[in-house]
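So the structure is just underneath, and the comments pick up after that.
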Amino acid sequence: MKNIFFVVISILTISCKNDEKQTVINGNIPNLPDGIMYLSNPEGDRIDSAKTIKGIFTITHKWNEKEPKYIKVNHIDKKGILRFFSFTTNAKYKGTPGWSTDVFYSDTIISLHGKFKENPPIKGYKLPYNIKDVSGVAIKAGRQTEAYYNIDGDLFDKIDGKMIQTVKEKINKYPYSYHLLYQINDNKNSFSPMQIDEYLKLFKGDITESETYKKLSAYNKKRYDEKNTLLPLLENVNGKKYEILDPKYKKHLVVFWASWCGPCRGEIPLLKEMYNTKNESLEFVSVSIDEDKNAWKKALNQEQMGWNQFIVNDKDPNYEKIQMHFRLNGAIPYTVLVDNNLKIIKSTVGLSSEKNLEDFIKN
């Protein structure tokens, strides 16, 4: 019985180890000064680190998350020089081959090797003396990074027939790619429900059991019944819920923004100018996706926008309905022009110029 007990324990131990998600990054960068190599998320938050001695280091990081993550590395030497690393891909960006990115995927085994070189400064922009942008180090990783580095960086920038066909081809080639799944999920409202279904059917293997895949599938099913889904009431600055659109206007300019979004705040003075000279048949509405209501109210007090202000975020059950009706993907500032039937006339993402906004509200 003792032997059987130890066999069972051993099997359970092995099973638990196999279930653990971890990333091991081995580095051999000969010209790297001694210091610390940091593992970070794309936003730059440090999540792990290892000492570098004569350019050699190993970072072993265990993950609580089940799905692969975007990650990056940067290094601080003993003199306080911070180096940001970027890596050359096999893909294009704006038609230029070999575009570089500072992120890769949390594959199981990753190797960084070879000497780095300091990149020349971008014209008109100078980094502080203690910050260096470097490249030239070769990266060898797993299949998630391989797929990512073989997909054009601007593939999802323009949604058209050619792009839709290219995405299908890429999923057929990389049916396990979380990068493709994440990008489709981020841009889900730019595709029809039928197109999303076509994409989902092309993925194969464990990825179809992932939380992202299941949530996207469930969301897409709801979109087929969108016409029967009422536009929800949203909370205003007084904490009361009201209808977002006033039917006395023929058209509605709805701007999605957040207090922490620099381009959103930069656009507000222009919106205020346009509001003061707009046609009387056009309504202005702003909807914040802030999670912090106090930050939102503080921003409203600072900006003094003279039109209706609402707030909703992805923790609110109504957020999905807002996404569906306004084709909101999450990137802000997002401006959409709709009529009283909630038909989208125009939409745009990013900071608008005066001419762009003038052209946008004309029809």
Side-chain angles (χ1 to χ4, degrees), residues 20-65 67-94 96-154 178-179 182 260-263:
E20 288 180 349
K21 301 286 184 181
Q22 72 172 23
T23 296
V24 178
I25 304 176
N26 294 308
N28 186 355
I29 307 172
N31 62 335
L32 186 68
D34 290 354
I36 298 176
M37 185 68 83
Y38 290 97
L39 176 65
S40 307
N41 62 22
E43 291 74 36
D45 301 316
R46 294 169 179 170
I47 53 180
D48 215 329
S49 64
K51 288 184 179 180
T52 63
I53 301 175
K54 296 182 179 179
I56 296 173
F57 65 92
T58 298
I59 298 175
T60 301
H61 185 76
K62 289 180 169 32
W63 301 97
N64 294 322
E65 299 88 348
E67 296 184 14
K69 310 279 288 182
Y70 293 103
I71 54 175
K72 63 182 181 180
V73 292
N74 53 70
H75 181 265
I76 297 182
D77 66 24
K78 291 184 176 180
K79 293 182 179 179
I81 303 296
L82 171 62
R83 291 178 175 86
F84 292 102
F85 287 81
S86 61
F87 305 94
T88 303
T89 73
N90 301 315
K92 297 178 182 179
Y93 184 77
K94 304 296 183 185
T96 303
W99 71 280
S100 294
T101 177
D102 61 347
V103 298
F104 46 92
Y105 264 92
S106 57
D107 292 309
T108 305
I109 302 292
I110 297 166
S111 170
L112 305 180
H113 62 277
K115 294 182 178 181
F116 69 81
K117 62 180 181 181
E118 190 173 325
N119 296 324
I122 299 172
K123 189 176 180 179
Y125 182 74
K126 187 177 181 181
L127 289 171
Y129 79 94
N130 63 331
I131 297 178
K132 309 293 181 183
D133 178 26
V134 301
S135 61
V137 174
I139 181 171
K140 184 178 180 182
R143 64 180 190 169
Q144 295 299 333
T145 301
E146 178 192 13
Y148 175 41
Y149 280 16
N150 282 280
I151 296 166
D152 289 350
D154 58 350
Y178 276 87
H179 176 66
Y182 292 158
W260 44 261
C261 170

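What you see below is based on every heavy atom in this structure, not just the backbone, and it leaves out hydrogens, waters and symmetry mates.
Between F57 and S49, every side-chain heavy-atom pair lies at or beyond the 4.5 Å cut-off. Within the 4.5 Å cutoff, side-chain heavy atoms of I25 are placed close to those of F104. No side-chain heavy atom of T108 sits under 4.5 Å from any side-chain heavy atom of T23. Looking only at side-chain heavy atoms (C-beta outward), K115 and V137 stay at 4.5 Å or farther from each other.
Identified under the ring pair (Phe, Tyr, Trp, His ring centres under 6.0 Å) test for residues 134-154, with sequence neighbours left out: Y70-Y148, Y105-Y148, Y148-H179.
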Notebook entry, point to check: Should I81 and I76 be marked as a side chain to side chain contact (heavy atoms under 4.5 Å, CB included) after you check the CA-CA gap, both sets of side-chain angles, and the distance that decides it?
Noted result: CA-CA 5 Å; I81 303 296; I76 297 182; over 6 Å; no
Next item on the list: Report the C-alpha distance between W63 and S106 in whole Å, list the side-chain angles of each, state the deciding distance to 0.1 Å, and finish with yes or no for side-chain hydrogen bond (donor to acceptor under 3.5 Å, both in side chains).
Entry: CA-CA 9 Å; W63 301 97; S106 57; 4.5 Å; no
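Residues forming a salt bridge (charged side-chain N to carboxylate O under 4.0 Å, His left out) with D107 (at least two apart in sequence, or on another chain): none. Under the side chain to side chain donor-acceptor pair (under 3.5 Å) criterion, S100 pairs with no residue, sequence neighbours left out. Take K94 and apply the salt bridge (charged side-chain N to carboxylate O under 4.0 Å, His left out) test, not counting sequence neighbours, and it matches D157. Take T52 and apply the side chain to side chain donor-acceptor pair (under 3.5 Å) test, not counting sequence neighbours, and it matches H75. Listed by chain and residue number, nothing satisfies the side chain to side chain donor-acceptor pair (under 3.5 Å) test with E146 (two or more places apart in sequence, or in another chain). In terms of the salt bridge (charged side-chain N to carboxylate O under 4.0 Å, His left out) criterion, K69 has no residue partners (sequence neighbours excluded). Scanning for side chain to side chain contact (heavy atoms under 4.5 Å, CB included) contacts around N64 gives an empty result, with sequence neighbours left out. Remark: L127 pairs with Y125, I131, D133 by the side chain to side chain contact (heavy atoms under 4.5 Å, CB included) rule, at least two apart or across chains. By the side chain to side chain donor-acceptor pair (under 3.5 Å) test, N41 is found to be paired with D45, residues two or more places apart in sequence or in another chain being considered.
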Without placing hydrogens or testing angles, list every side-chain donor-acceptor pair under 3.5 Å for residues 29-39, not counting sequence neighbours.
{"from": "N31", "atom 1": "OD1", "to": "F116", "atom 2": "N", "distance (Å)": "3.1"}
{"from": "N31", "atom 1": "ND2", "to": "F116", "atom 2": "O", "distance (Å)": "2.9"}
{"from": "D34", "atom 1": "OD1", "to": "K54", "atom 2": "N", "distance (Å)": "2.8"}

Kindly list each side-chain donor-acceptor pair under 3.5 angstrom involving residues 82-93, sequence neighbours excluded, with atom names and distances?
{"from": "R83", "atom 1": "NH1", "to": "D77", "atom 2": "OD2", "distance (Å)": "2.9"}
{"from": "S86", "atom 1": "OG", "to": "V134", "atom 2": "O", "distance (Å)": "3.4"}
{"from": "T89", "atom 1": "OG1", "to": "A91", "atom 2": "N", "distance (Å)": "3.1"}
{"from": "T89", "atom 1": "OG1", "to": "W99", "atom 2": "O", "distance (Å)": "2.9"}
{"from": "T89", "atom 1": "OG1", "to": "W99", "atom 2": "NE1", "distance (Å)": "3.2"}

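Atom NE2 in H61 sits 10.0 Å away from atom CD in Q22 (nearest 0.5 Å).
For the 3.5 Å distance criterion, the side chains of S111 and N26 fail to qualify, holding no donor opposite an acceptor.
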